[in-house]
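Okay, structure first, notes after.
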Amino acid sequence: MKDHFTVESEIMTETKITARNVQVHYGDTHAIKDVSVEIADRTVTAFIGPSGCGKSTFLRCINRMNDTIDICRVEGDILIDGEDIYDRKVDPVQLRAKVGMVFQKPNPFPKSIYDNVAYGPRIHGLARSKAELDEIVEKSLRRAAIWNEVKDRLSAPGTGLSGGQQQRLCIARAVATEPEVLLMDEPCSALDPIATAQVEELIDDLRRQFSVVIVTHSMQQAARVSQRTAFFHLGNLVEFGETSQIFTNPQDSRTESYITGRIG
Ligand SMILES: Nc1ncnc2c1ncn2[C@@H]1O[C@H](COP(=O)(O)OP(=O)(O)O)[C@@H](O)[C@H]1O
Ligand SMILES: [Mg+2]
């Protein structure tokens with residue numbers, strides 16, 4: 001029965017994303033080598049590993065962002081809720097509404113704060129009226145923990161905000177289309193420590209609703225925000241497990257070398 005489990009352990013076991021034998025090549029560069037993994041729903045999963053090991057490449061497989069890179073070839077299967085996202089029937093634009101992405105450098109559109117958030121709901125026809133759109137914008141800004149800071153200046157340009165505010169605006173923009181998965185590629189690397197702490201707190205909150213996958217070069221950040229950690233090395237997924245286990249009791253010598261600072 002349900003109440004025999006804590007909410008935490010129950011939700012930790014539900015798979016959202018399944019990757020099977022994923023290979024990625026850029027021309028002759030073999031960037032991802034036969035990676036198979038199951039990523040849980042309502043959990044923060046961190047991808048860690050030395051620069052160039054394939055973290056961003058693998059992340060971009062999950063919303064087919066690699067499709068936009070001509071020389072990039074993705075093989076294998078990626079399923080979300082059991083559905084093959086590389087199936088010919090799948091529209092990548094629709095997929096990217098369902099699998100939102102936040103980038104390293106905050107990249108608000110050169111538009112108002114309101115229009116940044118309203119952009120996705122508008123192109124996907126999610127609001128039937130101005131009032132509904134207003135509601136989506138407010139809800140998304142609240143979820144991204146920035147509503148109070150911007151509610152009196154929604155028509156001001158998004159690019160006028162501080163770096164940390166811009167990143168939270170980009171998170172609001174990503175959640176506005178009601179995604180199920182949020183991909184974040186080093187979302188705090190351009191932020192100061194205070195803005196980083198705010199975004200980390202937000203990530204912890206977002207996992208109640210989304211499957212969050214975050215690439216980070218900071219092991220401290222992985223330890224702070226994630227429940228599961230995947231360690232990549234030279235295109236291989238070397239180890240994957242509970243974050244506390246990866247950091248305290250790694251099973252592979254390469255993981256141990258990385259977390260103790262010997263490689264990376
Ligand atoms: N757009 C691209 N074109 C060609 N090679 C790329 C491209 N993006 C990444 N690579 C190569 O793929 C490998 C993995 O890179 P990447 O996924 O960016 O690693 P990470 O995010 O872990 O630093 C590296 O060898 C990198 O040079
Ligand atoms: Mg990267």
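All ligand and atom numbering here is 1-based and tracks the order in the structure.
- For the pair Ala31 and ligand 1, the shortest N or O to N or O distance does not fall below 3.5 Å.
- Within the 4.0 Å heavy-atom shell around ligand 1 one does not find Gly49.
- Residue Cys53 has at least one N or O atom closer than 3.5 Å to an N or O atom of ligand 1.
- For atom 13 (C) of ligand 1, the nearest protein heavy atom is under 4.0 Å away.
- Between the choices Ser56, Cys61, Pro50, Gly235, the shortest heavy-atom distance to atom 21 (O) of ligand 1 belongs to Ser56.
- For the 3.5 Å distance criterion, the side chains of Asp185 and Ser56 qualify, holding a donor opposite an acceptor.
- Arg73 forms no cation-pi arrangement with Tyr26, by the criterion of a distance under 6.0 Å to the ring centre and an angle within 45° of the ring axis.
- Other residues, nucleotides and ligands place no more than 12 heavy atoms under 6.0 Å from the CZ atom of Arg20.
- For ligand 1, the polar-atom distance check against Thr29 finds no nitrogen or oxygen pair separated by under 3.5 Å.
- For ligand 1, the atoms lying closer than 4.0 Å to a non-hydrogen atom of Ser51 are 23 (O).
- With hydrogens and angles left out, the side-chain atoms of Glu200 and Gln221 include a donor and acceptor closer than 3.5 Å.
- Only the side chain of Arg60 comes within 4.0 Å of ligand 1, counting heavy atoms alone; its backbone N, CA, C and O stay farther away.
- Checked against a 6.0 Å centroid threshold, the rings of Phe240 and Phe231 do not count as neighbours.
- Nearest non-hydrogen protein atom to atom 17 (O) of ligand 1 is Thr57 OG1, 2.5 Å.
- Checking side-chain atoms of Gln167 against main-chain N and O of Pro187 turns up a donor-acceptor pair under 3.5 Å.
- Side-chain contact, Glu239 with Gln245: a donor N or O sits under 3.5 Å from an acceptor N or O.
- Summary of contacts: the protein heavy atom closest to atom 10 (N) of ligand 1 is Tyr26 CE1, 3.3 Å.
- Near Gly52, meaning under 4.0 Å from one of its heavy atoms, ligand 1 places the atoms 13 (C), 14 (C), 19 (O), 20 (P), 22 (O), 23 (O), 24 (C).
- Relative to the six-membered ring of Phe109, Arg173 meets both conditions, a distance below 6.0 Å and an angle of at most 45° to the axis.
- The Mg ion (ligand 2) has no N, O or S atom of Thr57 inside 2.8 Å of it.
- Atom CD of Glu83 has 12 or fewer heavy atoms from other residues, nucleotides or ligands within 6.0 Å.
- Judged by distance alone, with hydrogens and angles left aside, the side-chain atoms of Arg60 form no donor-acceptor pair with the main-chain N or O of Met65 at under 3.5 Å.
- The protein heavy atom nearest to atom 19 (O) of ligand 1 is Gly54 N, 3.2 Å.
- Protein heavy atoms all stay at least 4.0 Å away from atom 27 (O) of ligand 1.
- No N or O atom of Ile71 sits closer than 3.5 Å to an N or O atom of ligand 1.
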